[in-house]
Colleague: 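Once you've had a glance at the structure underneath, I'll fire off some questions.
As the structure lists them, so they are numbered: ligands from 1, and atoms in each ligand from 1.
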Amino acid sequence: MRDFKYKWEEFKKLPFGTKKKFFIRENELSYVIFAQQFDRKKLQELFALADKIRELSKNKAGADSLQNLLSHKRATLFFSQPSTRTFKSFYNACHILGIKTTELRDGTSSSQKKGESPEDTILTFASYTDLIIMRNSEEWLAEKASWLLNKKNRVVKIINAGSGKDQHPTQSLLDAYTMEIAFKDKKGIDGKTIAIVGDLKRGRAARSLIYIIKNYKNIKLILISPNSLKIEPDVRAFLKRNKIKFTETSDLKSNLNKCDVIYMTRIQDEYDVNNESKEIDYSAFHLKKSHLRLIKKDAIIMHPLPRRDEINIEIDDDKRAWYWKQERNGMWIRAALIAYMYGMQKEIMNFNSEL
Ligand code: ASP
Ligand code: CP
């Protein structure tokens with residue numbers, strides 16, 4: 001829906017429920033900005049599509065069929081904040097589907113250096129490409145880009161690959177996909193106890209994961225963080241509004257034996273105003289080898305990565321360490337997401353994997 005009645009400043013303040021319809025254009029995922037855009041049905045479709053793309057990619061005939069699907073499309077990867085896996089997995093996801101990519105990562109080589117605004121930079125990308133995948137420190141930029149392109153009737157899709165401290169919706173997709181795989185024979189994600197550990201105030205992966213978890217039944221969340229890095233009040237209100245059971249604590253060790261998922265995160269000190277992270281003892285939020293005996297035998301340990309010392313590398317060889325699989329799942333679910341945005345799901349699901 002194209003809706004011109006709101007100016008950006010007004011639009012920005014609307015509650016998600018009201019502005020949701022604005023993000024529907026060619027389909028309801030023309031702009032992927034918030035994790036709340038995904039309901040359970042869509043998640044299931046994306047997981048099935050990711051499984052199928054992974055399967056097809058194993059042989060040349062399957063990979064060639066995928067390559068032809070979107071070979072007429074071009075994408076810009078606009079990453080002005082650092083990234084390794086989100087950038088690489090999107091880049092490769094585009095290539096799996098035959099999409100040509102161009103990138104802008106370093107602001108010093110673009111005309112932003114000459115004073116061009118981020119909005120004009122985005123309009124310029126839209127002059128040459130069909131899809132913009134963007135990671136920026138400005139929390140509002142991906143949303144504003146969608147508003148702007150929609151208002152100008154430019155048929156260009158947007159994916160938020162990390163919007164400052166706010167959201168990382170595609171991280172939450174790969175997180176849910178990873179849990180879905182891990183608990184396939186254990187009644188799925190419903191009913192699980194999930195600990196999210198670390199910087200819950202500024203971590204966008206944690207915030208988006210909390211929004212995605214709403215889609216599952218009878219989840220118990222244990223939110224474990226230093227006192228000064230607890231979830232923000234709006235997230236607490238979201239959990240209460242949606243009747244999701246949660247507790248907040250700063251005690252990692254005595255909660256480990258309750259968890260089916262232990263989701264570790266890094267302190268987000270790039271958002272410090274006055275070096276305040278230096279005052280925090282984060283070592284109590286590190287998982288050590290000695291903790292392994294406290295963790296359930298069939299629990300999984302996750303981390304969006306990159307890690308510092310949150311998970312000791314000695315844990316990597318434990319069968320409960322799922323973070324490297326989690327990282328690999330990112331490429332498949334992102335390929336599935338892009339294919340879905342272009343309405344290719346039926347075509348892909350009908351491809352013969354046996355070719
Ligand atoms: N890579 C994730 C993000 O960009 C997590 C992190 O950097 O700590 O949000
Ligand atoms: N998980 C994640 O977003 O990693 P990068 O910051 O390396 O992209």
Colleague: With a 4.0 Å cut-off on heavy atoms, is Gln268 touching ligand 1?
Modeller: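 Gln268 counts as a contact of ligand 1 under the 4.0 Å cut-off.
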Colleague: Counting both backbone and side chain atoms, is some N or O of Pro304 under 3.5 Å from an N or O of ligand 2?
Modeller: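 Min N/O separation from ligand 2 is below 3.5 Å for Pro304.
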Colleague: Return the closest protein heavy atom for atom 2 (C) of ligand 2 as residue, atom name and distance.
Modeller: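 Ranked first by proximity to atom 2 (C) of ligand 2 is Thr86 OG1, 3.3 Å.
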Colleague: Can Gly162 be said to touch ligand 1, with heavy atoms closer than 4.0 Å?
Modeller: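 So Gly162 does not count as touching ligand 1.
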Colleague: Given that the side chain starts at C-beta and the backbone is N, CA, C, O, which of these parts of Glu327 lies under 4.0 Å from ligand 2, counting heavy atoms, or is it both or neither?
Modeller: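 Glu327 to ligand 2: no contact under 4.0 Å from either part.
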Colleague: Tell me which one of Arg320, Lys220, Lys296, Lys187 satisfies salt bridge (Lys or Arg N to Asp or Glu O under 4.0 Å) with Asp260.
Modeller: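 Of the listed options, the one satisfying the test is Lys296.
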Colleague: Are Lys88 and Tyr91 in a cation-pi contact, defined as NZ or CZ under 6.0 Å from the six-membered ring centre and within 45° of the axis?
Modeller: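 Because its charged atom sits under 6.0 Å from the ring centre and within 45° of the axis, Lys88 does stack over Tyr91.
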Colleague: Kindly confirm or rule out a cation-pi arrangement of Arg135 over Phe79, judged by NZ or CZ under 6.0 Å from the six-membered ring centre and within 45° of its axis?
Modeller: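 No, a cation-pi geometry is absent between Arg135 and Phe79.
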Colleague: Tell me yes or no: between the side chains of Gln326 and Asp175, is some donor less than 3.5 Å from an acceptor?
Modeller: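 Their side chains do contain a donor-acceptor pair, which is all the 3.5 Å distance test asks for.
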Colleague: Give a yes or no answer on whether the side chain of Glu116 reaches the backbone of Lys113 with a donor-acceptor pair at less than 3.5 Å.
Modeller: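 Absent.
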Colleague: Should Arg135 be listed as contacting ligand 2, given a heavy-atom distance under 4.0 Å as the test?
Modeller: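 Yes; Arg135 lies near enough to ligand 2 that a heavy-atom distance drops under 4.0 Å.
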Colleague: In terms of atom number and element, which parts of ligand 1 are under 4.0 angstrom from non-hydrogen atoms of Pro306?
Modeller: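 Near Pro306, meaning under 4.0 Å from one of its heavy atoms, ligand 1 has 1 (N), 6 (C), 7 (O).
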Colleague: Can you pull out the closest protein heavy atom to atom 9 (O) of ligand 1? Residue, atom name and distance to 0.1 Å, please.
Modeller: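 Result for atom 9 (O) of ligand 1: Arg204 NE, 2.9 Å.
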Colleague: Consider every N or O of Arg266 and every N or O of ligand 1, then say whether any pair is closer than 3.5 Å.
Modeller: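 It does: an N or O of Arg266 is found under 3.5 Å from an N or O of ligand 1.
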Colleague: Would you kindly check if the NZ (Lys) or CZ (Arg) of Lys157 is within the cone defined by 45 degrees around the ring axis of Tyr342 and under 6.0 Å from the six-membered ring centre?
Modeller: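 Satisfied, under 6.0 Å and within 45°.
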Colleague: Quick one, Leu229 and Leu200 - any side-chain contact, counting heavy atoms below 4.5 Å?
Modeller: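 SC-SC contact between Leu229 and Leu200 ruled out.
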Colleague: State the atoms of ligand 2, each with its element, that fall below the 4.0 Å cut-off from a heavy-atom position in Gln171.
Modeller: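 The atoms of ligand 2 under 4.0 Å from a heavy atom of Gln171 are 1 (N), 2 (C), 3 (O).
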Colleague: Ignoring angles and geometry beyond distance, decide whether Leu305 reaches within less than 3.5 Å of ligand 2 through its nitrogen or oxygen atoms.
Modeller: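 Yes; at least one N/O pair falls below 3.5 Å.
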Colleague: Would you kindly specify which portion of Leu305 sits under 4.0 Å from ligand 1, judged on non-hydrogen atoms: side chain, backbone, both or neither?
Modeller: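 Leu305 to ligand 1: backbone contact only, side chain stays beyond 4.0 Å.
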Colleague: Report, in ascending order of atom number, the atoms of ligand 2 lying under 4.0 Å from any heavy atom of His168.
Modeller: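 With His168 as reference, the close atoms of ligand 2 come out as 2 (C), 3 (O).
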Colleague: Between Tyr211 and Phe34, does the ring centre distance come in under 6.0 Å?
Modeller: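 Distance test on ring centres: not under 6.0 Å, no.
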Colleague: For Asp269, which of Arg308, Lys201, Lys278 qualifies under salt bridge (Lys or Arg N to Asp or Glu O under 4.0 Å)?
Modeller: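 By the salt bridge (Lys or Arg N to Asp or Glu O under 4.0 Å) criterion, Asp269 pairs with just one of Arg308, Lys201, Lys278: Arg308.
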Colleague: Among all protein non-hydrogen atoms, which one is nearest to atom 7 (O) of ligand 2, and what is the separation to 0.1 Å?
Modeller: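 Answer, as residue, atom name and distance: Thr84 N, 2.8 Å.
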Colleague: At less than 4.0 angstrom from any non-hydrogen atom of Arg135, what atoms of ligand 1 do you find?
Modeller: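 Counting from 1, the qualifying ligand atoms are 4 (O).
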Colleague: Is it the case that more than 12 heavy atoms not belonging to Lys20 sit under 6.0 Å from its NZ atom?
Modeller: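 12 or below, so no.
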